[in-house]
Amino acid sequence: MSYTARAGGLVIYKVSVSFIPTRNQYITRLEIHNNPGVIPLGSLRLNHAQVQIGIGDAPENALR
Amino acid sequence: MRVLVRNLRSDEQGVASTVGTMMALLVFLTFMSLIVNQYVPVWMEDAEASHGNGALGQFGALKGAIDLQILAAQIAKSDYVPVTAASAVTLGTEGVPIFATPTAGSLFSDPDAGPFTVAFDYSILTPSGAELRIPVREQSNGSITLDIPNRFSVPQRVVYENGAVIRYQNDGQVIRAQPTFLVMRTNNTLRVGFDLVSLYGSGRVTGTSTEVVNSRVFATDPQTYDRFPSNAVIWINHTSAYGRAWYMFFNGTLAAALNLGGPSPPRRST
């Protein structure tokens with residue numbers, strides 16, 4: 001299943017999802033296209049955070 | 001030798017107590033049946049549904065704790081000192097004594113689950129004036145899941161994955177607390193913001209008690225890219241059991257920001 005958004009005949013974004021029965025999981029894909037003549041891509045702010053998680057009777061072990 | 005023969009004599013006074021005892025037993029059994037078949041299922045269904053809603057709120061608090069730490073890290077920059085936040089999560093539902101056993105839930109963290117990959121090219125200007133194309137690829141992993149195998153209400157999962165809180169049932173899934181994915185159309189240019197959240201550490205706890213999820217943001221890496229090749233494409237790939245929820249979220253956010261419409265919700269059931 002997918003959807004493609006177009007403007008001026010050009011692809012602005014495309015989002016799709018496909019199911020993998022053997023893994024019981026989905027693969028989701030998103031494409032955002034740069035179209036200088038229609039809607040140019042101005043900026044992308046990407047932030048990557050790293051988080052330590054602790055669950056269970058001795059969560060401090062996971063936090064070392 | 002004389003044999004003593006007792007003649008049974010009729011006495012209607014004994015019938016009343018026998019009938020009364022039987023009636024009392026019938027009333028008792030009827031009352032017990034009413035409790036077991038009507039009251040307990042309704043009570044447990046309400047309790048399980050209430051627990052699911054409460055767990056969703058607790059996962060919202062967990063997301064809030066992580067988001068606030070990310071914000072603090074961005075503000076403090078190099079002076080950031082990581083702190084540990086503790087968020088309570090109630091695992092399951094207590095039962096009704098004698099009549100119904102508790103519904104135990106399972107809370108676990110999987111650092112390898114739900115990978116997100118963001119890939120694109122940006123360009124930088126060289127001193128000679130030429131455009132140099134630079135590829136970028138970032139990946140995050142990890143999810144925290146509360147699996148609630150309800151017996152009277154609908155079994156469900158509440159999941160924290162890449163900054164989103166997802167509610168999952170066999171007949172549907174939806175993102176209930178949204179991650180950071182911003183799309184703005186400003187001066188006819190597209191501005192996109194996306195946060196990746198990597199989770200480290202694995203653990204599992206099962207039962208009906210209230211347990212604590214400790215979270216500590218120990219690093220953030222905010223980057224802004226503002227120069228792209230003319231044919232650049234930002235690729236975001238994700239693999240998990242909650243792809244339908246992400247599909248609807250991505251499409252809904254982009255459609256609302258760009259006013260370009262969108263598809264109907266997917267109908268596939270797992």
Side-chain angles (χ1 to χ4, degrees), chain A, chain B residues 66 70 84 107-109 118 138 140 144 185 188-201 203-205 212-226 228 230-241 243-244 246-247 250-251 254 258 260 262-263 266 268 270:
Chain A
M1 180 176 305
S2 70
Y3 177 77
T4 304
R6 299 174 188 273
L10 299 173
V11 175
I12 304 301
Y13 73 87
K14 179 181 179 182
V15 59
S16 64
V17 63
S18 54
F19 184 64
I20 310 170
T22 53
R23 295 169 59 188
N24 198 26
Q25 288 193 325
Y26 293 88
I27 294 180
T28 310
R29 292 191 178 91
L30 172 65
E31 309 167 16
I32 301 175
H33 292 245
N34 184 21
N35 293 291
V38 184
I39 307 176
L41 200 53
S43 66
L44 169 63
R45 178 193 166 279
L46 186 64
N47 183 34
H48 193 172
Q50 319 279 340
V51 187
Q52 184 70 56
I53 297 296
I55 293 176
D57 291 336
E60 66 277 6
N61 292 336
L63 294 176
R64 282 176 185 164
Chain B
I66 293 174
I70 293 172
T84 300
L107 176 69
F108 55 93
S109 172
V118 180
E138 288 272 346
S140 69
I144 303 169
R185 190 173 181 175
N188 206 34
T189 62
L190 203 57
R191 299 176 62 193
V192 181
F194 189 51
D195 277 12
L196 293 171
V197 181
S198 286
L199 304 179
Y200 298 89
R204 176 184 289 266
V205 62
V212 163
V213 177
N214 289 318
S215 61
R216 183 167 63 188
V217 175
F218 60 89
T220 60
D221 179 26
Q223 300 284 343
T224 301
Y225 307 90
D226 56 6
F228 299 93
S230 60
N231 61 347
V233 178
I234 299 171
W235 300 83
I236 298 177
N237 293 339
H238 173 58
T239 304
S240 80
R244 286 189 297 157
W246 283 103
Y247 172 86
F250 282 138
N251 189 61
L254 283 160
L258 303 176
L260 294 174
R268 179 187 289 275
T270 57

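Chain naming here is simple, since letters A, B, ... match the order of the sequence lines and numbering starts at 1 in each. These values consider heavy atoms only, across backbone and side chains, with no hydrogens, waters or symmetry-generated copies.
- When each of I70(B), V192(B), V217(B) is scored by its heavy-atom pairs under 4.5 Å with chain A, the top score falls to V192(B).
- For the options N231(B), V118(B), I66(B), V233(B), heavy-atom pairs under 4.5 Å to chain A are most numerous at V233(B).
- Not a single donor-acceptor pair under 3.5 Å links the side chain of Q50(A) to the backbone N or O of S198(B).
- Nearest heavy-atom pair, N47(A) versus P222(B), reported as atom, atom and distance to 0.1 Å: OD1-N, 3.2 Å.
- Considering only heavy atoms from C-beta on, L30(A) comes within 4.5 Å of L254(B) through its side chain.
- Considering only heavy atoms from C-beta on, I55(A) stays 4.5 Å or farther from F108(B) through its side chain.
- Shortest non-hydrogen contact noted between T239(B) and I27(A) is OG1-CG1, 3.9 Å.
- Contacts of L107(B) with chain A are made by both backbone and side-chain atoms, with heavy-atom separations under 4.5 Å.
- For chain A, the nearby parts of V197(B) are the backbone and the side chain; heavy atoms of each come within less than 4.5 Å.
- No other option in Q25(A), R23(A), R29(A) has as many heavy-atom pairs under 4.5 Å with chain B as Q25(A).
- Considering only heavy atoms from C-beta on, N251(B) comes within 4.5 Å of Y13(A) through its side chain.
- Taking the side chain as every heavy atom from C-beta outward, I53(A) and V213(B) approach each other to under 4.5 Å.
- Nearest approach of T220(B) to A49(A), heavy atoms of both residues: CG2-CB, 4.0 Å.
- Take H33(A) and apply the side-chain hydrogen bond (donor to acceptor under 3.5 Å, both in side chains) test, not counting sequence neighbours, and it matches E31(A).
- The CG atom of L258(B) sits 5.5 Å away from the CD1 atom of I39(A) when rounded to the nearest 0.5 Å.
- Environment of CZ in R191(B): sparse, with no more than 12 heavy atoms of neighbouring residues, nucleotides or ligands closer than 6.0 Å.
- Proximity to chain A involves both the backbone and the side chain of L199(B), based on heavy atoms less than 4.5 angstrom apart.
- Between atom CG of residue L41(A) and atom OG of residue S230(B) there is a gap of 11.5 Å, rounded to the nearest 0.5 Å.
- By the side-chain hydrogen bond (donor to acceptor under 3.5 Å, both in side chains) test, D221(B) is found to be paired with Q223(B), residues two or more places apart in sequence or in another chain being considered.
- Residue V17(A) comes nearest to R244(B) through the heavy atom pair CG2-N, 4.3 Å, listed as atom of the first residue, atom of the second, then distance.
- Proximity to chain A is limited to the side chain of F250(B), based on heavy atoms less than 4.5 angstrom apart.
- Residue with the most contacts toward chain A among T189(B), D226(B), L190(B), T224(B): L190(B) (heavy-atom pairs, distance under 4.5 Å).
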